[in-house]
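Take a look at the structure set out below.
Naming: A, B, ... by sequence-line order, numbering from 1 per chain. Keep in mind that what you see is a predicted model, and the values were worked out from it rather than measured.
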Amino acid sequence: MKLVYFAWVREKVGKSGEDVSPPPTVETVTQLIDWLIAQGDNYRVAFGDMKIIRVAVNQQYVTTDTPVQPGDEVAFFPPVTGG
Amino acid sequence: MKLVYFAWVREKVGKSGEDVSPPPTVETVTQLIDWLIAQGDNYRVAFGDMKIIRVAVNQQYVTTDTPVQPGDEVAFFPPVTGG
Amino acid sequence: MIRVQQEDFDVSREIASLRAGDLSIGGICSFIGTVRELSGGAAISSMTLEHYPGMTERALSDIEAQACARWPLSGCLIIHRYGKLEPGDQIVLVVTASAHRQAAFDACQFLIDWLKTKAPFWKLEAGTDGADKHWVEANGSDTLAANRWDDTQDKT
Amino acid sequence: MIRVQQEDFDVSREIASLRAGDLSIGGICSFIGTVRELSGGAAISSMTLEHYPGMTERALSDIEAQACARWPLSGCLIIHRYGKLEPGDQIVLVVTASAHRQAAFDACQFLIDWLKTKAPFWKLEAGTDGADKHWVEANGSDTLAANRWDDTQDKT
């Protein structure tokens, strides 16, 4: 599973992306985040306030109850500020 | 008093403008139009349907009960179609 | 700023001149009206725009002042052409610049709605055979579009 | 048509290319977003726009298709820049062309409202001392502006 991070989520996690292989019990975005938080303080800090985290799976906006699976590209980022 | 005509009002009257000296009894736009109509068929045709005539006195839109006086510039034209 | 002219205009150049280094501007809205080849279903070969010199400039300046009083604009430009134009030609340009995009959009629409119903211009269209010329009739939907600005003192 | 690029753009050239001799067009609305020198009251020296390559192009193409389905557009263009920009620089361009001006205005506003709230871009501002960098926070009024398009299937 490919994870990508943008803006201050990227800065707090400390990298712009990574390939991860969470256990099969990780079936949704929420479970993926919980698993990441258990991997280190950088994730705990980045995902500390989920109200200001947006998630895209395979480049489409999703809610946190969306399923994830091996091969997916999952992106985490703050509310956007383009335009 | 200076009269100016635009678009098909100009074509129907047969000139783009003229200097006129109506009698002192002509005190409003309506009275001016009635006086013009009495001057010839070209005016009768041009002012046949006042619903589609717009009037400006001294380059400001006015209603037909507006006073007119010597020295005024009075313009008659169809509803505008710019933009 | 208003201009009534026969010459064509270039929107990039006009926007650059309007901005003139004003770094408080966050958004620039512009509208260009162009000559369509069809008018009421019939093809036209050209259109001649007549206007009322003197009143046109006065009326455009007045409406520009109204837009500037109603919305927080950093800049405003109206250019309206007259004379003979062909399908595809530019007729009119409205540009509004503001710190805030909604003000720029609202003022730009207000100005073009006004131009359509109040600016003293008249279009004489020539058909493709060159002989058939007729004056364009005013459009009821333009009057409705203009009237919506009477109901609200402020749409920002 | 959508483009995501570092390079600047020229609105006249883009409009000419979008029109491409289409004589059914009667109105062209455009919006340019520019970098302001003040952000939340503090002067900035530069702004760096990060985006999500891949998702950006996909999302912009999707919203362009939605605008074309919703309004009768003859042409539509979105250009969004990324990378380092300075006060006064152009950030974004939206151009919509239609036979009818209201469709052009509505589609243009719809697209810029959407870009502000959904396009995956993030602004990192640098203060005038060069050291202080901070991520711009999303603006609640932008979300309200975008939401108004959910209530109406058709604003033409």
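Chain C forms more heavy-atom pairs under 4.5 Å with one residue of Arg19(D), Arg36(D), Lys116(D) than with any other, namely Arg36(D). Ranked by heavy-atom pairs under 4.5 Å with chain D, the list Ala99(C), Gly21(C), Pro87(C), Gly33(C) is led by Ala99(C). Most heavy-atom pairs under 4.5 Å with chain D, from the set Thr96(C), Ile91(C), Val35(C), Val11(C): that is Val11(C).
Interface remark: Glu14(C) contributes no atoms to any contact with chain D (heavy atom separation under 4.5 Å). For Ile15(C), the part lying near chain D is the side chain, with the backbone staying farther off; criterion is any non-hydrogen pair under 4.5 Å. For a residue to count as touching a neighbouring chain, one of its non-hydrogen atoms must lie under 4.5 Å from one of that chain's; by this rule Val94(C) does not touch chain D.
In His134(C), the NE2 atom is crowded: over 12 heavy atoms of neighbouring residues, nucleotides or ligands sit closer than 6.0 Å.
Below 4.5 Å, heavy atoms of chain C meet heavy atoms from Leu23(D), Ser24(D), Ile25(D), Gly26(D), Gly27(D), Ile28(D), Cys29(D), Ser30(D), Phe31(D), all part of residues 22-31 of chain D. Heavy-atom neighbours of chain C within the stretch residues 137-145 of chain D, taken at a separation under 4.5 angstrom, comprise Asp142(D), Ala145(D).
The closest donor-acceptor contact from the side chain of Ser12(D) to the backbone of Ser12(C) lies under 3.5 Å.
Applying the side chain to side chain contact (heavy atoms under 4.5 Å, CB included) criterion to Lys118(C), with sequence neighbours excluded, gives Tyr61(B), Trp114(C).
Listed by first and then second residue, the side-chain hydrogen bond (donor to acceptor under 3.5 Å, both in side chains) pairs that reach into residues 72-86 of chain D are Asp8(D)-Arg81(D), sequence neighbours excluded.
Atom CD of Gln109(D) and atom CD of Gln102(C) lie 5.0 Å apart (nearest 0.5 Å). Taken to the nearest 0.5 Å, the CG atom of Asp113(D) stands 7.5 Å off from the CZ atom of Phe105(C).
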